[in-house]
Amino acid sequence: MGDRFDVVIAGAGPAGAQCARDLAARDHEVLVLETEPEAEFPRQSNKSTAGTFPSMMASFNVPDEVVMNFTETVVLESPNDHFVRDQPGAVLEFADFKRWLVAEGRANGAEYRFDSRVSKPIVEDGEPVGVRYDGQEEVYADVVIDATGPAAPLAKELGVTDLQRDRQAIGVEYEFEGVEADHPEFADCTDAMMLRLDHDLAPGGYSWLFHTGEDTAKVGLCYIQNDSHREYAREGMGIDDYLEYWLESDPRFENATRLDGKQHRGSAHIQKPGQMTTDSFIAIGDTVPTIDPLWGEGIHKGMKSARAAAATADRALTGTVDTSAEEMTIYNDLWHSDVAPKMNTRLLMTELLYLAPNERYDRLMADLREADGDTLAEVNSGNRLAMRNLIHLDDLPLLARFARERLGS
């Protein structure tokens, strides 16, 4: 038998590293296995726009040292209009943030093994008891946690997750200098996180500009392989082509230059999560499908899921050890109550948003300006009444199309 720990975690992203940080602080023996070499970490896994808000910074004691720029507003753009909302936030230097989390976990006593690719769970008597990595290396644990993102090798093998390709979101982002954040033809994006809804640029998705200080910004786009993407996509164009098209057509980037080594890619699945646990096993972070990619503040969701998993594992391992499937379902309850409450309403909002045509996005900006200042926050939280305030009679064809597609799927 190989090494034995209380908990083994696959993946050292924000969710995996935060879970290790919490569990080690509670004196559990924790091992984190990470695919990338430590000298290059994070490299390919450095995928996030890293926009977040004060609630996350305070909840997890994130230091200012990992912040690229503190922002003051959130800007929403449509093809011909925009909406600006005062909202303090922070754009993180994602690589520094991830390395900080690893250092925090190690300081609490967690062990990390880099350059260690997890391949499959070790199952005995129908229950996971450890993981296999780097070919035939084995490690055993009372609780196994998959934080590998959409790859999900452990969750897939155990039949815990059902990731649907037609609900997959893919994104690409570059960091630039020479960006004109305050261009006269657009809203002022100085010290702002801007999200643009425009099928011409990102069919079935959205694009973004996160100001990172002076003339620098993170610029990227994402689309979901949904019905809107199939309707509006240009033949032969991939994710990089759309980003290049935006860069060439938007005057804010006329003098922009890409920063070497600052390319980020990622993916997620936009669907209701089903089962997230089984005996001695929990899936966290992006291994679990997401329900609101535009509004969801993914870093915070991943960190909160990590904390919920740590609380579940801590309870199961304290006193009489009980890592049964029934005990692990506490994580599911916490996920639905604390991580992503009102799941059905929020997913409905997300699907409706991407199904709408460009002219409806222009109307949305006007609606938001006319509505109460808290409407956007209420819609983000899944408030059905706030959503109804943004629906009009001439949206009936859109709602009918949405209903037909839902019934069809």
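Below, each value reflects all heavy atoms present in this structure, side chains not excepted, and no hydrogens, waters or symmetry copies.
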Checklist entry - Do side-chain atoms of Asp215 reach the backbone of Glu177 as a donor and acceptor pair under 3.5 angstrom? => result no

Checklist entry - Can Asp81 and Arg369 be counted as an ion pair, charged N to O under 4.0 angstrom? => result yes

Checklist entry - Under a 4.0 Å N-O cut-off, is there an ion pair linking Glu137 with Arg117? => result no

Item to check | Met193 and Trp208: CA distance, side-chain angles, deciding distance, side chain to side chain contact (heavy atoms under 4.5 Å, CB included) verdict | outcome: CA-CA 8 Å; Met193 289 186 272; Trp208 63 85; over 6 Å; no

Checklist entry - For Asp322, which residues count as a side-chain contact (heavy atoms from CB on, under 4.5 Å) partner, sequence neighbours excluded? => result Ser324, Glu327

Checklist entry - Would you say Asn69's side chain and His211's backbone share a donor-acceptor pair under 3.5 angstrom? => result yes

Next on the checklist: What I want to check is whether the side chains of Asn108 and Glu104 have a donor and an acceptor closer together than 3.5 Å.
Outcome noted: no

Checklist entry - Is a side-chain donor or acceptor of His199 paired with a backbone partner of Ala356 at a separation under 3.5 angstrom? => result yes

Next on the checklist: Under the criterion side-chain hydrogen bond (donor to acceptor under 3.5 Å, both in side chains), I'd like the reasoning laid out for Asp146 against Thr148: C-alpha separation, chi angles, the key distance, then a yes or no.
Outcome noted: CA-CA 6 Å; Asp146 191 341; Thr148 58; 2.6 Å; yes

Checklist entry - Will you find, in the side chains of Thr277 and Asn332, an N or O donor that is under 3.5 Å from an N or O acceptor? => result yes

Checklist outcome for this item: Taken in chain and number order and not counting sequence neighbours, the residues that satisfy side-chain hydrogen bond (donor to acceptor under 3.5 Å, both in side chains) with Thr323 are Ser280

Checklist entry - Is the charged tip of Arg234 near the ring of Tyr245: under 6.0 Å from the six-membered ring centre and within 45° of its axis? => result yes

Checklist entry - Which distance, rounded to the nearest 0.5 Å, do you find between the OH of Tyr354 and the CG of Leu197? => result 7.0 Å

Checklist outcome for this item: Shortest non-hydrogen pair, Leu247 vs Phe176, comes out as CD1-CZ, 3.6 Å

